[in-house]
Amino acid sequence: MLHRTFCHAPGVGPSLEARLWAAGFHDWDAVLAVSPADLPVPPARRGLLRQTVEESRERLAAGTMEDVAWFAARLPAREAWRLWSSFRDQAAYVDIETTGLGIGEDHITTIACQDATGLRTFVHGQTLDDFRSALDHCRLLVTFNGKCFDAPCIERQLDMPLPMAHLDLRYPLKKAGLRGGLKVIEKTLGLDRGELDGVDGFAAVLLWQGYRATGDARWLETLLSYNAADVLSLERLSARTHNLLVEGTPFDLLEQLPEPMPPANPIPAHQDIVREVLRRMGK
DNA sequence: AGGCCACGCCACGACAGAAC
DNA sequence: GTTCTGTCGTGGCGTGGCCT
């Protein structure tokens with residue numbers, strides 16, 4: 001979808017982009033194939049549009065982290081979803097758990113990261129520092145509400161800059177009509193958390209506390225299972241977001257993509273631990 | 001419950017095209 | 001050439017909603 005995008009050019013908003021599409025300029029090649037005078041945009045904007053399209057073609061072909069970040073910086077936030085189909089192979093889906101909502105002394109307890117190489121988890125006091133190199137090959141960071149929560153936490157607590165493009169699914173999903181938190185949206189799409197049903201972010205705090213208090217690895221494993229579940233659905237949600245938002249363009253049929261089922265969660269959740277946590281939560 | 005970001009709304013400026 | 005009108009993009013501000 002990115003190669004059909006013009007609203008990242010200065011002076012081109014939703015209206016002008018729609019005018020270009022309606023006039024048959026369906027991708028960058030079509031714009032470069034005609035003289036600037038034939039473009040259906042105000043004369044003062046033709047030069048910059050052509051220049052942006054030329055640079056876009058080069059940057060999409062190069063596809064370095066800087067190139068992807070260049071697109072992300074120029075796209076209006078509401079159109080950031082268009083990055084995903086072009087860079088999904090270099091995407092990393094990330095979610096963190098913490099001891100709270102960042103008030104006072106709260107810190108990251110675990111991180112789950114899924115990318116082309118598979119699922120990895122990182123634990124405070126054990127392997128958390130390894131996360132610093134986990135995103136070395138990542139061109140596109142994908143999260144849910146990560147712009148507000150996960151990314152600032154990681155940057156602040158691990159002192160780890162995140163310069164790559166960042167797609168926060170919360171906003172495009174809302175634009176596509178899917179509101180509410182991650183679990184609510186998963187249920188709407190028929191995705192089942194299985195034995196982790198009812199476990200939420202606050203439960204994750206209790207799971208960490210239980211692990212610290214008992215040293216029992218089953219508490220940690222259940223926490224990691226929950227953390228993993230949060231990232232394993234993100235690729236599917238990204239595809240659904242893409243497909244729903246592509247429906248609002250003239251390229252609905254051309255750009256629809258298969259929606260992969262989330263992989264099975266490789267980390268077991270222990271039922272007795274889940275029951276105990278839900279009991280402590282009054283559920 | 002705190003922090004953070006995008007969104008919605010509005011006002012404003014730039015520009016193109018029409019009318020005179 | 002000037003003026004008016006409509007369209008479009010941009011920036012500022014307040015607010016809602018999501019994370020653990």
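Chain A is the first sequence line, chain B the second, and so forth, proteins listed ahead of strands; every chain is numbered from 1.
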- Query: What is the ring orientation for A:Trp28 with A:Phe71, classed by angle as parallel under 30°, tilted 30 to 60°, or perpendicular over 60°?
  - Reply: parallel
- Message: Please pick, from B:dC4, C:dT20, C:dC8, the nucleotide with the shortest atom-to-atom distance to any side-chain atom of A:Pro152.
- Response: B:dC4
- Test applied, salt bridge (charged side-chain N to carboxylate O under 4.0 Å, His left out); reference residue, A:Asp115; option that passes from A:Arg120, A:Arg139, A:Arg88: A:Arg120
- Message: Regarding A:Asp230, tell me which of base, sugar-phosphate or nothing describes its non-hydrogen contacts under 4.0 Å with the strands shown.
- Response: sugar-phosphate
- Query: Whole Å only: how far is the CZ atom of A:Arg179 from the P atom of C:dT15?
  - Reply: 17 Å
- Query: If you check every side-chain atom of A:Glu97, which of C:dT20, C:dC8, C:dG17 has the closest atom?
  - Reply: C:dT20
- Atom CG of A:Leu245 and atom P of B:dC7 are separated, to the nearest Å, by 11 Å
- Candidate nucleotides C:dT20, C:dG9, C:dC18, ranked by approach to the side chain of A:Pro14 - the nearest: C:dG9
- Query: Please give, in whole Å, the distance from B:dA6 P to A:Leu173 CG?
  - Reply: 15 Å
- Message: Tell me the interatomic distance from A:Tyr171, atom OH, to B:dC4, atom P, rounded to whole angstroms.
- Response: 12 Å
- Message: Nearest whole Å is fine: how far is B:dC4 P from A:Lys174 NZ?
- Response: 19 Å
- Query: If you measure from the Lys or Arg side-chain nitrogens to the Asp or Glu carboxylate oxygens, is any gap between A:Arg132 and A:Asp129 under 4.0 Å?
  - Reply: yes
- Message: Around atom CG of A:Asp136, are there more than 12 heavy atoms from other residues, nucleotides or ligands closer than 6.0 Å?
- Response: yes
- Short side-chain N/O contact to B:dC7 OP1/OP2 from A:Lys175, under 4.0 Å: no
- Between A:Ile96 and A:Cys148, who's closer to the 5' end of DNA chain C by nearest nucleotide? A:Cys148
- Message: How many whole angstroms separate atom CG of A:Leu48 from atom P of B:dA14?
- Response: 16 Å
- Query: Can you check whether A:Lys147 has a side-chain N or O nearer than 4.0 Å to OP1 or OP2 of C:dG17?
  - Reply: no
- Ignoring hydrogens and angles, does a donor from either the side chain of A:Arg170 or the base of C:dG17 sit under 3.5 Å from an acceptor on the other? yes
- Message: Under a 3.5 Å threshold, yes or no: a donor from one side chain and an acceptor from the other, between A:Thr143 and A:His166?
- Response: yes
- Nucleotide C:dT20, atom C1' - distance to CZ of A:Arg156 in whole Å: 12 Å
- Task: Give A:Asp95 one of three labels, base, sugar-phosphate or nothing, depending on what nucleic acid heavy atoms sit under 4.0 Å from its own.
- Result: sugar-phosphate
- From C:dT20, B:dA6, C:dG9, nucleotide with atom closest to A:Thr98 side chain: C:dT20
- Write down the distance between CG (A:Leu169) and P (C:dC18), rounded to a whole number of angstrom. 14 Å
- Task: Look at the side-chain N and O atoms of A:Arg78 and state whether any lies under 4.0 Å from the OP1 or OP2 oxygen of B:dA6.
- Result: no
- For A:Gly180, which contact category applies under a 4.0 Å heavy-atom criterion: base, sugar-phosphate, or nothing? sugar-phosphate
